[in-house]
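For clarity, every value in this text was computed on a predicted model and none was experimentally measured. The residues of the chain are indexed from 1 along the displayed sequence.
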Amino acid sequence: MLKKIFLLIAIFITLSSASAYAEKFLTSYDIVVAGGGTGGTAAAIQASRMGMSVLIVEPTYMLGGQATAAGVSTMDDMSRIESGIYKEFIDRVKKYYSGMKKSINTPYWKEHGKAFEPSVGDKILKEMTASADILYHANIIEVDNNERCVSVQTPEGVKEINYKILIDATEYGDILPLAGARYRSGNGISPNISKNSFIQDITWTAIIRKYPEGVPENLKPKNPLPDYEKAKKNYKNYVTANGFDFHGKYPVKMPVNLISHNAYRAVPDSFTPGSYTGARKNWAKITKTGVNWGNDYPGMYMLMNHYGLNVMFLEDKETRAQMERDALIKTLHFIYYIQHELGADWSIDENEYGEIPEAAKDFPHEWKEIARHIPPIPYVRESRRVLGAYTLNSKAVHENSLSWRNGHKYQEFSDAIAIGGYNLDLHGGDDDDDIERELGEKQSSIWSNIPQGPFQVPMKILIPESTDNFLAAEKNLSMSRLVSSALRLQPITMMTGQAAGALAATAIKLNLQPRDVHPLHVQKRLAEDGVVLSLCCYSDVPREHKNFAGVQIASLYQLLRPRTYPSMEGANINSSGTKGQRGRFAPDKLITKKDFEDMIAKAEKIMGEKLNLPHIPVTMTRGDAVDMIVKAMDEI
C-alpha cells in the first residue's frame with residue numbers, strides 16, 4: 001500500500017512539474033532571443049518593457065555571456081559613457097557592493113575601472129529580466145523563417161516555438177546560417193568562406209582568488225595537464241616571481257610580478273573582509289582577479305604559423321570543440337604555473353560557477369574540481385557577422401569620432417542607436433590578407449583609422465540585407481573585422497542589444513519589417529529611456545533635464561542649431577563633461593518664429609510627410625518646441 005502511495009505521489013509530482021513547465025513556456029512569443037549574453041539580455045529587457053512577450057534561449061545556466069559566463073567581468077569601457085540598460089546594470093552593481101562597503105573600481109591599475117564577480121552580474125541580470133521567459137541549457141537547432149518557427153533543443157527534448165521576430169545574440173553568430181542570412185566569417189562572405197581565413201583569438205578565462213591559509217588540496221593539482229612545458233615557457237614571458245613592478249607607464253615592461261598581474265583585472269571579493277580599489281597602494285590587498293592576459297588561444301602558440309584563430313572555429317562544431325578544449329587547458333596551465341613555479345597561494349575561486357564544462361568532461365579527476373569552478377564558455381572576441389545593406393568600416397567610425405573635435409563639426413550618424421568607445425584591437429588575424437580589402441580595410445587601418453574619441457553605432461548595421469523578421473545583436477553586426485574589434489566589448493554590446501530589442505518591439509507594434517522602421521521611432525524610445533545617442537553634449541541639458549530626449553533627436557537630425565557647439569582639443573567627449581568644452585543648447589530660451597518654421601520644414605523632409613501639429617502657443621521654449629516637433633515626427 002505504501003509503495004502505491006509513494007508511486008502516486010511521484011507521478012503527481014512529475015505531472016505537476018511537467019504542467020508547470022508547460023504553463024511557464026509558451027508555444028509562441030513576440031520575440032525569441034537566441035543567446036542570453038550582454039546583447040541578448042539587454043534586447044530582452046528592452047523589448048519586454050515595451051510590452052512584448054520575450055523568450056531567451058540560453059545555452060548555459062547564466063545570463064550575461066562574455067561579462068559573466070565567459071568571466072570577463074572587468075568592464076572594457078574607455079568612453080565612460082554609461083547610459084540606458086548598461087547604466088542601470090552598473091548602478092545596480094554599485095548598489096550591491098556598496099551594501100558591503102566594497103568598491104567596484106578595482107581593475108586596470110586605476111580607480112576608474114568597473115568590475116564585479118560573475119555570479120553577482122548573473123544575479124542582477126536575472127533580476128532585470130524577470131518579465132522575460134528563459135530556457136537555460138538550450139539551443140536553437142533549426143529555423144523556419146517562412147513559418148516563423150524555431151526548434152529548440154532543451155533538457156526536456158525539442159520544442160517548437162513560434163515568433164514574430166528572431167534576434168541572433170549568440171556568442172558565435174550561430175543563428176545566421178540557420179536563418180538563411182548571408183554573413184561574413186573572417187574575410188569571406190557565405191557561402192564562400194575560406195578555410196585558411198583567420199579571426200581573433202579566444203580566451204578561456206578564470207576567476208582566481210587568494211587563499212591566505214593555503215590553497216585547499218582539492219584546488220592544487222599535483223600533476224599538470226598535457227603540454228605544460230610549452231605553457232610554462234609562454235607564461236614566463238608574462239609573469240614571474242621576480243618580474244617587473246608596473247608603475248603605471250605604458251608600454252608595460254614584461255614580465256610583471258604576480259601582484260601587478262593580479263591588479264590588472266582585479267574584481268571585488270564578496271567573501272573576504274575589507275575593500276580595495278585599483279589604486280597602486282591597494283595592489284597587495286587584492287584577493288580576487290580574472291585570468292585574461294597571456295592565455296589567449298592560440299596566442300603565441302600560433303596555428304599554421306599564423307597569429308589568430310582559424311575561421312573553422314566558427315564554421316565547424318568539431319573544430320570549435322577541440323579548440324575550446326585546448327584554450328581551457330592553456331588557462332588551467334596558468335593556475336598550475338603560479339602554484340608550482342611561483343609558489344602562490346592562489347587558485348580557482350570556489351565561490352564562482354558550479355558546473356564542469358563539456359570541454360573538461362574527460363579531464364583527470366584531480367582537475368575536475370577546478371574545472372567545476374571555471375566559466376562555462378570561453379571569451380569569444382569575434383563571431384560571424386550579418387551581411388547588411390550597409391557595412392560599417394573603420395574609416396566611417398574614425399570620421400564619426402571626429403564630430404565636434406579639433407574644429408570638426410557634424411559628422412554624426414543620424415540613425416545612431418548607441419555610443420561606444422574602444423580602439424581597433426585585433427587579437428590575432430591582423431595581417432593584410434586577413435582583413436576585408438573590399439571594405440577599404442588593411443592592417444595599417446588599425447592605426448590610421450583609430451577612433452579619436454567616442455563613436456556612434458548606426459541602426460542599419462543591426463539589419464540583414466534581405467532576411468525578414470530577423471535582427472542581429474551582440475558581436476554579429478554588419479561591420480568589418482576591424483570595427484568588430486571595437487564593438488565587441490561588454491558596454492557597447494549591451495547598448496546595441498538594447499537597441500535591437502527596441503527595434504524589434506517597434507517593428508511589431510507598427511506591423512513593419514525592421515528595415516522599414518524609421519530610426520526616429522526607435523531613437524525616441526531609447527532617448528526617453530536615458531540612452532545617450534548624440535556626440536554633441538550640452539552643459540545645460542543633462543540627462544535629467546525634461547527636454548533631454550528631444551534635444552538628443554534634434555542634435556542627431558540637426559533640427560535646431562545650439563547656441564554654442566562643443567569644442568574639443570584632443571580630449572574625449574563624454575556625458576559627464578569632465579573633459580573638453582561642452583556646448584550650450586539654451587533649452588529654456590524662447591524660440592524664434594523662423595527657427596520654429598525651419599525646424600518644421602526639416603522634420604517634414606526627414607519623415608517625408610506633413611507633421612500633424614496642435615495649436616502652437618504664441619511663446620514656447622526651444623526645448624519644448626523640440627519636444628513638440630519630435631513627438632509629431634514619431635506619430636508619422
Side-chain angles (χ1 to χ4, degrees), residues 71-78 80 105-115 200-210 228-267 276-302 307-308 327 330-331 333-346 379 381 421-430 443-444 446-447 450-451 485-486 489 570 572:
V72 191
S73 59
T74 50
M75 296 295 95
D76 296 291
D77 184 7
M78 292 176 66
R80 298 188 231 170
N105 305 123
T106 56
Y108 303 128
W109 299 310
K110 295 180 181 179
E111 289 188 280
H112 63 65
K114 303 176 189 70
Q200 294 188 68
D201 290 342
I202 61 171
T203 303
W204 205 306
T205 72
I207 302 297
I208 60 175
R209 63 173 292 210
K210 185 174 184 178
Y228 171 68
E229 289 303 315
K230 181 169 69 170
K232 177 180 173 181
K233 183 178 179 181
N234 171 72
Y235 288 127
K236 281 185 175 180
N237 295 315
Y238 292 93
V239 188
T240 60
N242 299 314
F244 295 103
D245 192 13
F246 180 60
H247 289 280
K249 293 184 179 180
Y250 292 88
V252 181
K253 194 172 184 180
M254 306 288 282
V256 298
N257 56 40
L258 189 60
I259 287 178
S260 293
H261 168 274
N262 294 345
Y264 178 51
R265 287 193 181 269
V267 298
Y276 47 78
T277 68
R280 183 178 173 79
K281 63 182 180 181
N282 290 322
W283 292 0
K285 301 177 185 177
I286 291 168
T287 56
K288 187 178 292 190
T289 194
V291 179
N292 185 7
W293 189 26
N295 58 324
D296 286 4
Y297 180 83
M300 299 302 290
Y301 292 1
M302 304 178 70
Y307 287 109
K330 186 176 185 180
T331 294
H333 282 324
F334 181 75
I335 294 175
Y336 188 89
Y337 174 79
I338 63 172
Q339 290 178 353
H340 293 267
E341 311 296 338
L342 307 187
D345 289 329
W346 286 72
Y379 172 30
R381 292 181 176 85
Y422 204 78
N423 294 328
L424 306 178
D425 180 26
L426 288 175
H427 285 229
D430 56 357
Q443 186 184 52
S444 60
I446 296 173
W447 305 111
I450 191 169
S485 73
L489 293 312
N572 286 341

Quiz item: Is there a donor-acceptor contact under 3.5 Å linking the side chains of N295 and T331?
Solution: yes

Quiz item: Can you check side chain to side chain contact (heavy atoms under 4.5 Å, CB included) on R381 and T203, steps first, answer last?
Solution: CA-CA 8 Å; R381 292 181 176 85; T203 303; 2.9 Å; yes

Quiz item: What's the shortest heavy-atom distance between S73 and I207, and which atoms?
Solution: OG-CD1, 4.4 Å

Quiz item: So how far is it from T205 OG1 to D296 CG, rounded to the nearest 0.5 Å?
Solution: 11.0 Å

Quiz item: Any side-chain donor paired with an acceptor under 3.5 Å for N282 and T277?
Solution: yes

Exercise. Taking ring-ring contact (aromatic ring centres under 6.0 Å, His included) as the test, write out the residues that go with H333, two or more places apart.
Key: Y228

Self-check item: Results of side-chain hydrogen bond (donor to acceptor under 3.5 Å, both in side chains) for D425 - residues two or more places apart only
Solution: H427, R488

Exercise. Under the side chain to side chain contact (heavy atoms under 4.5 Å, CB included) rule, collect the residues that match up with P451, sequence neighbours excluded.
Key: V397, S401, L424, F455

Quiz item: Do the non-hydrogen side-chain atoms of M254 and N237 ever get within less than 4.5 Å of each other?
Solution: no

Quiz item: For G113 and P107, which heavy atoms make the closest approach, and how far apart are they?
Solution: C-CD, 3.7 Å

Quiz item: Do I335 and I208 have side-chain heavy atoms sitting under 4.5 Å apart?
Solution: yes

Exercise. Kindly write out the residues that satisfy salt bridge (Lys or Arg N to Asp or Glu O under 4.0 Å) with D201, not counting sequence neighbours, or none if the list is empty.
Key: none

Quiz item: Would you call K114 and D77 a side-chain contact if the rule is heavy atoms closer than 4.5 Å?
Solution: yes

Quiz item: Who pairs with E111 by salt bridge (Lys or Arg N to Asp or Glu O under 4.0 Å), at least two apart in sequence or on another chain?
Solution: none

Quiz prompt | Donor-acceptor pair, side chain of T106 and main chain of A266, under 3.5 angstrom | solution = yes

Quiz item: Which value, rounded to the nearest 0.5 Å, describes the distance between I446 atom CD1 and S485 atom OG?
Solution: 7.0 Å

Quiz item: Which residues pass the side-chain hydrogen bond (donor to acceptor under 3.5 Å, both in side chains) test with T289, sequence neighbours left out?
Solution: none

Quiz prompt | Reported OH-to-CH2 distance for the pair Y238 and W293, which is rounded to 0.5 angstrom | solution = 9.0 Å

Exercise. May I ask you to decide if G278's main-chain N or O and W283's side chain share a donor-acceptor pair within less than 3.5 Å?
Key: yes

Self-check item: All pairs passing side-chain hydrogen bond (donor to acceptor under 3.5 Å, both in side chains) where residues 246-264 contributes a residue, at least two apart
Solution: D245-S260, H247-R280, N257-S260

Self-check item: By salt bridge (Lys or Arg N to Asp or Glu O under 4.0 Å) - contacts of K330 (at least two apart)
Solution: none

Quiz item: Excluding sequence neighbours, so at least two apart, what forms side-chain hydrogen bond (donor to acceptor under 3.5 Å, both in side chains) with T74?
Solution: Y108, R265

Quiz item: Residues in ring-ring contact (aromatic ring centres under 6.0 Å, His included) with Y235, at least two apart?
Solution: F334, Y337

Quiz prompt | By ring-ring contact (aromatic ring centres under 6.0 Å, His included) - contacts of H340 (at least two apart) | solution = Y336

Quiz item: When rounded to the nearest 0.5 angstrom, what is the spacing between OG1 in T287 and CH2 in W346?
Solution: 6.0 Å

Quiz prompt | Straight-line distance of Y379 OH to Q200 CD, nearest 0.5 Å | solution = 7.5 Å

Quiz item: At what distance, to the nearest 0.5 angstrom, does NZ of K236 lie from CD of E341?
Solution: 6.5 Å

Exercise. Name all residues meeting the salt bridge (Lys or Arg N to Asp or Glu O under 4.0 Å) criterion together with R209; count only those two or more places apart in sequence or in a different chain, and write none if there are none.
Key: none

